[in-house]
> 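Take a look at the following structure, please.
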Amino acid sequence: MSRSGEFCPRCGDEIPEGTDERPELAGAGGQRNSEHVLCDACYFEEFDLVDAPDTIQVRVCSRCGAVHKGNRWVDIGAEDYTDIAVEQVSEALGIHVDAQSVAWQVAPEQLDKNNIRMHAEFSGVIRGTPVTEEVTVPVRISRQTCKRCGKIAGGSFASIVQVRADERVPTDDERERAEEIAQEYVAAREETGDRNAFITETKTVDDGLDMKISTNQMGLGIAKRITAQLGGSYSDSRRLISEDEDGQELYRMTYAVRLPRYRQGEVIDPEDGDGPVLVRSVQGNLKGVRLTTGEDYEASFEEGETPDARRLGFREDSQQTTLVAVEDDNAVQVLDPETFESKTVPRPAYLDTDADEVPVLKSHAGLHVLPADGEDTDTDE
Ligand SMILES: [Zn+2]
Ligand SMILES: [Zn+2]
């Protein structure tokens, strides 16, 4: 064996040449130099392949399931935190810089709901010698409340979206849909990692729905989407709530959505002499179909979605009744569903003369045949 002429500073043994198989360390910084010259026996005696923390705490939000990573809360949508625990343990483990060909695996052992024991097994090659090391890191899942859930619990909000309707109360469907639209909007924002998007409170009130929203932009976005989908319009108003220490004024915005006066499926009489109209759409200006002829009806541009008209009822109020006879191109006979007398009524173009039964609506304006279910929704959004 050749001699290097170097001696181990720990034990004084001479270091044989050829031991050093760490060429990449030759130029390493000064701190490595003392290690560099230790003999193998001394080097391995104090060698740790893995540097592991005594314990790891994974902070999760007990309300929304978010995980605290780095210095912020992140929505990860996980129900099982084992993967998060594996990830955080892996990140916390340090491997000796001298090790080569490192391979490792981590096996979680679930002790209970909040405790996982992480078994990590490492192998590598150091100074030409294969080494293995096992470490066990206890992981504790710590359930806390994230910033967002804290704000929601504290009732924090910046804007209010009020959903009302013109000369009527929003229907249950409209209320539900408005709430869904708000939730979908918030969810889409959350999806992009925005943790400032939330609904603090949704409350049904006598004349509609009130929603407290985290920010002004979100409140505005929700009001816009509700009117885009359900029709109507919105207005905004602001109220000074405080001044901060710099004299900066803080406002709370209210977005008041007003759903259209008439709704899809409603039967109205524009009192223009051409008979009642079943409303098909209230987006833009009101559109529908005449129950007398089956012709299309559209309110004028000036009238928009609120033409002057008398309310007669709703499609839901219609009843199936017997089609007794077809008189001519303009008239059929049906059974009055209340008196069971045969009545001559107008024959709209949509009426299927082969049908045994047809839906009719009895109102102040008399008896009218409606389109069969589903046929009046062709212009649905
Ligand atoms: Zn030595
Ligand atoms: Zn949370």
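Read the numbers this way: they start at 1 and go in the same order the structure lists the ligands and their atoms.
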> Quick one: angle C61 SG - the Zn ion (ligand 2) - C146 SG, to the nearest 10°?
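C61 SG and C146 SG form an angle of 110° at the Zn ion (ligand 2).
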
> Once you round to the nearest 0.5 Å, how far does CZ of F47 lie from CD1 of I126?
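Rounded to the nearest 0.5 Å, the CZ-CD1 separation comes out at 3.5 Å.
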
> What does the angle at the Zn ion (ligand 1) come to, between atom SG of C42 and atom SG of C8, rounded to 10°?
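Seen from the Zn ion (ligand 1), SG and SG are separated by roughly 110°.
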
> Around atom CD of E184, are there more than 12 heavy atoms of other residues, nucleotides or ligands at under 6.0 Å?
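More than 12 heavy atoms, drawn from other residues, nucleotides or ligands, come within 6.0 Å of this atom.
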
> Answer yes or no: are there more than 12 heavy-atom neighbours, outside Q183 itself, under 6.0 Å from its atom CD?
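For Q183, atom CD is crowded (more than 12 foreign heavy atoms under 6.0 Å).
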
> For the atoms SG of C39 and SG of C11, give the angle they form at the Zn ion (ligand 1), rounded to 10 degrees.
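C39 SG and C11 SG form an angle of 110° at the Zn ion (ligand 1).
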
> What does the angle at the Zn ion (ligand 2) come to, between atom SG of C64 and atom SG of C149, rounded to 10°?
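Reported to 10°, the angle equals 110°.
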
> For the salt bridge (Lys or Arg N to Asp or Glu O under 4.0 Å) test, which of R168, R263, R258 pairs with E174?
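Answer after filtering R168, R263, R258: R168.
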
